[in-house]
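Worth knowing before you read on, the calculation uses all heavy atoms, side chains too, and leaves out hydrogens, waters and symmetry mates.
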Amino acid sequence: MLNVFISLISAFGGGVFGASIGALPAFIMTGVVASIGGLLSCAGIPGINELLVNNIAFGPFLGPHICFAGGVAASAYAKRIGKTDNGADIAMALNGIGDSSVLAVGGLFGVVGYIIASLVSGIFSLTPFYTDNPGCTVFISGVIVRLLFGSRGMLSAPSSRKPLSKGAALSNTLFIGFAYSLVVSGVYVLLAGQGFEKQLGSYHIVIFGLAAVGLIFAEFGQAYFGWHHIGIISAEAVMCGYACGLGTGSLILGVFFGLLTTVIGDIEGNMMNTDVDSHIDPPATAIFICTILISILYVILG
């Protein structure tokens, strides 16, 4: 019970931290710790996954459901009270506006994120399936933020709302999704085929972390394609296929799920996150949905 209480108050601090430095910079820091923890876990260092990945990268400090979600909430609140012009700006460090109430909202949503993630975990523990708790929580938290602080409705502006991107934008997105999932899945199959399968239990965390770290280029204004949803889902899918005896055929599974998460992310971005005044994260949405599907696949393939 004491640990739960300490986690809750830590989550408040994590939410404030995310709000003060900005949701996107906070998520990049998550990626740094996740990639290091995942690599060290693959190297066989005992307990490192629990220490760095579970308790820091995805715990009350840097967990996306706490730190990133707190930054998202604070940004929308800052716009609502007239402190900023764009409530969907997740790159801005809100410490710069000098309003502690904005940071406090980030802290409160850090606590909310911790509670939601615990509830999601409890619900799925009653089933044979699972989801990505941080991703699911980021989505739910984003919806709550939109309802509380948004003023333009739950969906994207009508002029921007469409099921899928069109033309070159869609073909480019799909090609990137295919290529990225191909290399993620292909490398896993190559390494597993060489006898490294047991060392690759945190492969999906490594890929997720590297993709998240890459978002630093977006902070620098480059046209970086956010692909952490594609990376982690294609990795989880190929790992599922290999564990269930599909061998090299797991590559096809990884590419399929990589493309699926690409499409889901594009749909959510167009339908709920274009020309809006708060951020509902497309990658998190795609991750939690596709993780459920992969868990179903594990049950089917046995």
Next on the checklist: Looking at Gly258, is its backbone amide N or carbonyl O close enough to the side chain of Thr261 to form a donor-acceptor pair, meaning the two atoms are under 3.5 Å apart?
Outcome noted: no
Next on the checklist: My understanding is that only one of Asn273, Asp89, Val138 makes a side-chain contact (heavy atoms from CB on, under 4.5 Å) with His279; could you say which?
Outcome noted: Asn273
Checklist entry - If only atom types and distance count, is the side chain of Ser7 paired as donor or acceptor with the main-chain N or O of Asn3 below 3.5 Å? => result yes
Checklist entry - Under 3.5 Å, is there a donor-acceptor pair between the side chain of Ser141 and the main chain of Thr137? => result no
Checklist entry - Thinking salt bridges, do Asp275 and Arg152 make one under a 4.0 Å N-O criterion? => result yes
Checklist outcome for this item: Taken to the nearest 0.5 Å, the spacing of Asp266 CG from Leu164 CG works out to 5.5 Å
Item to check | Backbone of Ala117 reached by a side-chain donor or acceptor of Ser121 within 3.5 Å | outcome: no
Checklist entry - Does Ser75 use its side chain to pair, donor to acceptor, with the backbone of Val72 at less than 3.5 Å? => result no
Next on the checklist: Between Glu219 and Leu215 (side chain of the first, backbone of the second, donor and acceptor by atom type, cut-off under 3.5 Å), is there such a pair?
Outcome noted: no
Item to check | Set of side-chain hydrogen bond (donor to acceptor under 3.5 Å, both in side chains) partners for Arg161, sequence neighbours left out | outcome: none
Next on the checklist: Show the nearest heavy-atom pair for residues Gly201 and Met239, with the distance to one decimal.
Outcome noted: O-CE, 3.5 Å
Next on the checklist: Under the rule for side-chain hydrogen bond (donor to acceptor under 3.5 Å, both in side chains), what residues qualify as partners of Asn172, not counting sequence neighbours?
Outcome noted: none
Next on the checklist: The criterion is side-chain hydrogen bond (donor to acceptor under 3.5 Å, both in side chains); which residues satisfy it with His228, sequence neighbours excluded?
Outcome noted: none
Next on the checklist: Please tell me whether Tyr242 and Tyr203 form a close aromatic pair, meaning their ring centres lie under 6.0 Å apart.
Outcome noted: no
Next on the checklist: Please enumerate all residues that pass side-chain hydrogen bond (donor to acceptor under 3.5 Å, both in side chains) together with Ser41, with sequence neighbours excluded.
Outcome noted: Ser202
Next on the checklist: Which residues pass the side chain to side chain contact (heavy atoms under 4.5 Å, CB included) test with Asp99, not counting sequence neighbours?
Outcome noted: Ile81, Lys83, Ile97, Ser101, Val102
Checklist entry - Restricting to pairs with a member in residues 51-65, which pass salt bridge (charged side-chain N to carboxylate O under 4.0 Å, His left out), not counting sequence neighbours? => result none
Checklist entry - Quick one: are the ring centres of Phe149 and Tyr77 less than 6.0 Å apart? => result yes
Checklist entry - Does the pair Phe288 and Phe129 meet the rule for a ring pair (Phe, Tyr, Trp, His ring centres under 6.0 Å), with working shown? => result CA-CA 12 Å; Phe288 95 77; Phe129 312 114; over 10 Å; no
Item to check | Donor-acceptor contact present, side-chain Ser156 to main-chain Val276, <3.5 Å | outcome: no
